[in-house]
J.: 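Here it is, the structure, as structure tokens.
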Amino acid sequence: MMRARALIAAAVLAAAGCGGTPPERAVSLLVFGDPHELAAYRSLEAAYERADPGTDVRLVEAGDRKDLITRLSTSIAGGKPPDLFLMNYRFYGQFAARDAIDPAGPLLASSRQLREQDFYPQAMAAFQFGGKQLCMPQNISSLVVYYNRDLFRKYRVAEPGAGWTWDDMVATATALTRDANGDVVKGVDFDQPGAAPTGPPPVEYGLAVSPELVRLAPFVWSNEGKVFDDATEPSRIALDGPALEALQNFIDLRGRHGVVPTDQEAESQDDEARFAAGTLGMLMSSRRSTTTFRAIDGFDWDVAPLPVYRTPATVLHSDAYCIPRGAPNKTGAWRFVEFALGKGGAEIMAATGRTVPSNKAVAESPSFLDPNAKPRNAKVFLDSIPTIRAAPTLSTWPEIEDVANDILENALYYNQPPAEVARRLDEQTAPLFARARP
Amino acid sequence: MTGVELVGVRAAHGTRDVLRHIDLTVARGELLVVLGPSGAGKSTLLRVIAGLHPVSSGTIGIAGRDVTRLSPGERDVAMVFQSYALFPHLTVADNIAFGHRVRGVRRKHARPIAAKAAEVAGCAHLLDRFPHQLSGGERQRVALARAVVREPAVFLLDEPLSNLDGELRAQTRVELRALHDRVGATTLHVTHSRSEALTLGDRIAVVRDGELEQVGTPDDIWRRPGTEFVATFVGAMNLLPADGPWRADAHRVGVRREAVSLADDGIPARVDRVEVVGEDTYVHLRVAGAHAVVARVATADRPAADSAVHVRVHDRDLHLFDYDGSRI
Amino acid sequence: MSAKDRQLALMLTPYLIGLTALVLVPAVASLGMAFTEYDLIGAARWVGLANFAELATSVPFRAALVNSLVFAAIAVPLRVAAAVGLALLLHRRAPAATTASTAATLPTAVPEIAYGLLWLWLFNPLYGPVNQLLRWGGENGRTAFDTTVPSWLTSPNDARAAIVVMSLFTIGEMLVVLLAARRALPREVHELAALEGATGWTLARRVTLPMLAPVIGLLLLRDTILSFQFSFVPALVVTDGGPPPYSTTYLSLYIYRNAFEYLRYGHAAAATLVMLALTAGAVYLQWRTFHRYRSRYR
């Protein structure tokens, strides 16, 4: 089964490398995404082929992030890597550390289309490894709060805005968690020991946030706490006092306040679907959700910055175009990158709603800040850029996230004490940090 | 008191009638051989009595009891199959004791009973073996022992000898008869071998196309075959037109091969071919210029091929048959 | 070499080439890989027994190992029992039985991923048909017997049960084999048993099951080997190895993750070797048990 998958992946990529177009005009691009996102990439592909007739961009579409990693690694091992792949900075570390990426830096330096200062430095920095610019970021998204404006109006709750605090958020979420009669109610998880029904269950929840390390981190930072022992060269997860406070508050969303769905409810309906169904007041997510939410026509929605403890902070979500070593058509790949990240390409992607452009000029232009396109407060994404912080780039980061997220999931749904959670995080991820390649 | 009684029994395979209308009575303690060509419905007849095949109409009685609606297990019959149907996973002792074990007899109590039956069937020395360790003859004995141990009202034997080869078959045939005489239970024995039928049965029932052609003692069947079919199936018979060499007021005239004797005078015939089979020789003749007739003579007395001879047949050896094949 | 042998050799060649190229060579390669650190991208580095040493202390690996063994111990007997039960019910050549056995075989023909996604919907704790059915007749979201409905995807044991339940419906191949085996049993043996008054359970226990025992034994062996694989897709698609930590992470999923998601091919190869050794051990034990009885059925 596993071997079969690897072979299929290799075959798909091999197939992408041959066809009617001469090889020097064909560029294969490995991406993943939901149907809305893939549609965005297809329109970019079409625009490029129109702009430069005779070229042929071949999208290789992976099922999800993990599938993309599988395909990429097996195709590299098979000697048939794609010309280009798009990957989140949190997961490119394993390829960067293994020297599997051809640095984009020299190409950028000699490019007549792109200049380094065109891009947000926060995004550029995330793709620097060992002092080299390895990949070219296409977007600079951050964690924001999507909210259902109709629900806020219906229950006469003030809409969130810049400078609102964690406690404001909890109060808002509490006011939005309602039972079938429209009364405020606290969601109780009957699966938990000692839990007894106190009334009808909520049919609308105030908030949803997945229990993940990168969702927790911005609040730790906002509370001026530390997630890692060292911000630049982390060697373990070491939550300090302010971090534990933020973690406690995070866990309380479920155990104490009951404003986020229970694990059963989260398994039954994912957060984006719950939001789209109009039964979720607020959802913490990145720009990715926008393409999906633009299909909503039942209610009005918008975005707000993350609530703040002491200093504003959010976490970077950024994907970049990387050229693997051994890519058959590097020149063609770079030409596509120049198009995709230049004004023309970046505007197309911005218009699809998928990205917050890494290209500053495009990000600040109407093609991103289009007042007629949702979310109306798109500027929230740009305003939060100065407060963006990134997760570290480590070859073992995917493993660290998987382990940490499992622990945080149990912490949230089983209401575990933060000190215990912090201990587990450290204990179980320490070997993974130790194994990370320099 | 009857052993088995069938009244107006019909049975079908799907839409095809296999037993058309069977009336048959088997006396208690009698050994009845059911004889017929393959496909005649002999096995179905046994299976109908055993309850393994449903009747379309008619009734079946066993030991004076109407069993038509009873399940096989309630009919008090034991069956020996052509394949013996031994359980491969059980020892000989457990095979023989199977019925007792099913009825809840404990293994240690069943064992001596099985041993006794094995003794009767002559396989007492095999008790602890598994079927795959037995020869064909041994398996047959075990199958018999398994039938005997039940002490059933009726034994049903479906071609029990057909899987044995010549010598063993003849020997087993004798033992089978001896066993029957010892046990004395009503027995229906199906076979397609006429020698088996003639030597073994108290009576023979000849079956053809799902109907009883004739029921009678071996002597009856041999000497006074009721139909042309019986006559030719039980033993080879020359069938000649009634206006042939032996004239009679009938449709056809039958003469057994051994009833045709070569003589100095009589009807002239020509020897076509001479076929020596051990002590007997079949002489293929052309009688009165036109009629093919086979005579069985002692090999010592055989004529030469192509020689001219004369044949004679005693009047009492002429069997006369009507247009419908029945005996006149 | 006789003509018959030559023909045999000729007919076997494509299979042997395939077996060598697709199974044996990769198997030997992964055997070697188990002693290296290898990520498919750079060169492999010899690390001796380090991978095994790490496995010995790895919490997720131990969880995966125990999960796989428990799964095999529960799912394999249940699957075989279900297939045997169905085969005994459906072996008659009646239209209804044919339809039923076709229906019972169908889930096996559904592509694995689609099958997984289907169950993801069926097991949805709140809206899924399975729990809707369990809540039938009950109140307040509880069953008719006033117990809570299973939390298929969020409680560790319920999730494990879910994977077992999923596996119970993909017994089509076994059913086909058992139906054929049941139909191949000599009719006379069952008729004889019927004459002796054996019916129903007695017949099954004393005759049918013992006579099917060699086939059942073989299927048990095969299913034990396969159990390390058929837990893979459900765990990947339906439970994602969770609920955390590792409740339904089986060896196959552990290996898949380490190899293809974390690019730790050497580590994964070492885990594969352990899985192979376990399989071989289980097969040996069962083989020894069955071998004692095998000769009777020749």
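Since this is a predicted model, take the numbers as computed values, not measurements. Chain letters run A, B, ... following the sequence lines, proteins first and then strands; every chain starts at 1. Scope of the values below: all heavy atoms of this structure, side chains included, with no hydrogens, waters or symmetry mates.
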J.: Can we call the ring centroids of C:F230 and C:Y115 under 6.0 Å apart?
T.: no

J.: Kindly give the heavy-atom pair with the smallest separation between C:A282 and C:T224, and that separation in Å.
T.: CB-CG2, 3.8 Å

J.: Between C:R79 and C:T170, do the side chains contain an N or O donor and an N or O acceptor separated by less than 3.5 Å?
T.: yes

J.: What part of B:R103 gets within 4.5 angstrom of chain C, counting heavy atoms only: side chain, backbone, both, or neither?
T.: side chain

J.: Which heavy-atom pair separates C:L90 from C:A100 by the least distance, and what is that distance?
T.: CD2-CB, 3.6 Å

J.: Applying salt bridge (charged side-chain N to carboxylate O under 4.0 Å, His left out) as the test, list every pair that has at least one member in residues 83-95 of chain B; sequence neighbours left out.
T.: B:D94-B:R107

J.: Just to be sure I understand the criterion: a residue of residues 70-80 of chain B counts if one of its heavy atoms is under 4.5 Å from a heavy atom of chain C. Which ones qualify?
T.: B:P72, B:G73, B:V77, B:M79

J.: Tell me the residues of residues 173-192 of chain C whose non-hydrogen atoms fall below 4.5 Å from those of chain B, in number order.
T.: C:R187, C:E188, C:V189, C:E191, C:L192

J.: Taking atom types as modelled, is there a side-chain donor on B:D66 or B:T59 under 3.5 Å from an acceptor on the other?
T.: no

J.: Mind checking ring-ring contact (aromatic ring centres under 6.0 Å, His included) for C:Y284 and listing every partner two or more places apart, or none if nothing turns up?
T.: none

J.: What's the verdict on side-chain contact (heavy atoms from CB on, under 4.5 Å) for B:V48 and B:I22, showing C-alpha distance, side-chain angles and the deciding distance?
T.: CA-CA 11 Å; B:V48 160; B:I22 304 283; over 6 Å; no

J.: Which residue, B:V154, B:V26, B:T68, B:T2, forms the side chain to side chain contact (heavy atoms under 4.5 Å, CB included) with B:I62?
T.: B:V154

J.: Might you point out which heavy atoms bring B:F87 and C:A193 nearest each other, and give the distance in Å?
T.: CZ-CB, 4.4 Å

